[in-house]
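Nothing here was measured: the structure is a model prediction, and the numbers come from that model. Residues: numbered from 1 along the sequence shown. Side-chain atoms are counted along with the backbone in the values below, which use heavy atoms only and exclude waters and symmetry mates.
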Amino acid sequence: MTTPAIEVTGLAKRYGSVQALDGVDLTVRQGEFFALLGPNGAGKTTLISVLAGLARPDAGTAKVMGFDVVRDYREARRALGVVPQELVFDPFFTVRETLRFQSGYFGLRHNDDWIDEILHNLDLTGKAGANMRQLSGGMKQKLGLCCALIHDPDFLILDEPTTGVDPLARAQFWDLIDRIRADRPGMSVIVATAYMDEAQRFDWLAAIDDGKVLATGTPKELLETTNSPNLEEA
């Protein structure tokens, strides 16, 4: 039996009076293109934070490629690449310096050949010597993907990557994700989003709100249960 990319059981997390996660059960298969659909405050970012080891659950378990995110933190984190909702870069670093710095988090050195390959694949070769202040929002988004892929993870998570992005940039972003998936067909990808109009892109969806998974299914199955094109309006 193949190990799931993500396996979450009874996951709970509270921040003060807010129950951010309330008994979440979720499984994502290897190689699957999976969406977490829900409005702002639904618990999507908290779930991603737990998977990435940035928040410790109050109850339940979460595993990435079979590694417990608490007990086997290093192995779980190495298996995972994360593109956060808020991208923060040192404004004085160049693109190449940023990727070298990110490589250091995973004990990687002298990997400029791999950095060059990632920059080429994400159309950033010409910006390798530019610092962050010279990059557009779309280029920073691409660099966020570069950082997530720098250690060659098995699994990629993107937290609301198209929120506030114009239609052209959204289309270009999804083209880029499609290219990454084509280049690495075994990679699992999970995207947190509030946009139902993007749902047709995914293999499998989980609707989440108030810290609970309300339903799971194919895009067709879940779209038949709602008329809202954008869960932020629901």
Any chance the side chains of [X] and [Y] put a donor and an acceptor closer than 3.5 Å?
X      : Y     : answer
Thr9   : Asp25 : no
Ser188 : Glu32 : no
Thr3   : Gln30 : no

Any side-chain heavy atom of [X] within less than 4.5 Å of one from [Y]?
X      : Y      : value
Arg71  : Thr61  : no
Leu37  : Ile208 : no
Leu99  : Phe93  : no
Trp204 : Pro219 : no
Trp114 : Leu119 : no
Val189 : Val191 : yes
Trp174 : Glu198 : yes
Leu11  : Leu47  : yes

Is it true that a side-chain atom of [X] and a backbone atom of [Y] form a donor plus acceptor pair closer than 3.5 Å?
X      : Y      : value
Gln141 : Pro161 : yes
Lys44  : Asp209 : no
Glu7   : Pro4   : no
Lys13  : Arg56  : yes

Nearest 0.5 angstrom please: [X] [atom1] to [Y] [atom2], how far?
X      : Y      : atom1 : atom2 : answer
Leu80  : Ile48  : CG    : CD1   : 9.5 Å
Arg78  : His151 : CZ    : NE2   : 7.0 Å
Leu205 : Met196 : CG    : CE    : 7.0 Å
Gln85  : Leu87  : CD    : CG    : 9.5 Å
Ile180 : Asn121 : CD1   : CG    : 8.5 Å
Leu122 : Ile118 : CG    : CD1   : 8.0 Å

If I compare all heavy atoms of [X] with all of [Y], which pair ends up nearest, and what's the gap?
X      : Y      : answer
Gly211 : Val24  : O-CG2, 3.2 Å
Val83  : Ala148 : CG2-CB, 3.7 Å
Ala62  : Val50  : CB-CG1, 4.3 Å
Val8   : Leu51  : CG2-CD2, 4.1 Å
Asp203 : Gly31  : OD2-O, 4.3 Å
Asp90  : Met132 : O-CG, 3.0 Å

Side-chain ion pair, [X] and [Y], N-O less than 4.0 Å:
X      : Y      : result
Arg184 : Asp154 : no
Arg96  : Asp116 : yes
Asp178 : Arg201 : yes
Arg100 : Asp112 : yes

message = Between Val18 and Leu214, is there shared hydrophobic-cluster membership here, with clusters defined by ILVMFWY side-chain heavy atoms closer than 4.5 Å?
response = no
request  = Give a yes or no on whether Val70 and Met65 share a hydrophobic cluster (residues Ile, Leu, Val, Met, Phe, Trp, Tyr; joining criterion: side-chain heavy atoms under 4.5 Å apart).
outcome  =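 Yes, Val70 and Met65 fall within the same hydrophobic cluster.
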key: Full working for salt bridge (Lys or Arg N to Asp or Glu O under 4.0 Å) between Arg14 and Asp58   = CA-CA 7 Å; Arg14 176 182 288 275; Asp58 298 326; 6.0 Å; no
task = Flag the pair Phe34 / Phe202 as yes when their ring centroid distance falls below 6.0 Å, and as no otherwise.
result = no
request  = Show your working on side chain to side chain donor-acceptor pair (under 3.5 Å) between Glu160 and Thr193 and close with a plain yes or no.
outcome  = CA-CA 5 Å; Glu160 302 205 32; Thr193 181; over 6 Å; no
task = Please determine which of Leu143, Leu135, Ile115, Asn131 meets the side-chain contact (heavy atoms from CB on, under 4.5 Å) test together with Thr98.
result = Leu143
task = Walk me through it: do Leu158 and Ile177 pass the test side-chain contact (heavy atoms from CB on, under 4.5 Å)?
result = CA-CA 10 Å; Leu158 303 102; Ile177 296 300; 3.9 Å; yes
inquiry  = For Arg77 and Phe106: C-alpha separation, side-chain torsions, deciding distance, then whether side-chain contact (heavy atoms from CB on, under 4.5 Å) applies.
reply    = CA-CA 9 Å; Arg77 184 64 185 87; Phe106 298 94; 3.9 Å; yes
Tell me if the [atom1] atom of [X] is crowded by more than 12 foreign heavy atoms within 6.0 Å.
X      : atom1 : value
Phe101 : CZ    : no
Lys63  : NZ    : no
Arg133 : CZ    : yes
Arg179 : CZ    : yes
Asp72  : CG    : yes

ask   = Could you go step by step and tell me if Lys142 and Asp123 meet the side-chain contact (heavy atoms from CB on, under 4.5 Å) rule?
value = CA-CA 8 Å; Lys142 287 183 179 181; Asp123 304 322; 3.7 Å; yes
ask   = Does NZ or CZ of Arg181 fall inside the cone over Phe33's six-membered ring, less than 6.0 Å from its centre and within 45° of the axis?
value = yes
message = Please evaluate residues Thr27 and Ile6 with respect to the criterion side-chain contact (heavy atoms from CB on, under 4.5 Å), reporting the C-alpha separation (whole Å), side-chain torsions for both, the decisive distance (0.1 Å), and the verdict.
response = CA-CA 5 Å; Thr27 300; Ile6 293 292; over 6 Å; no
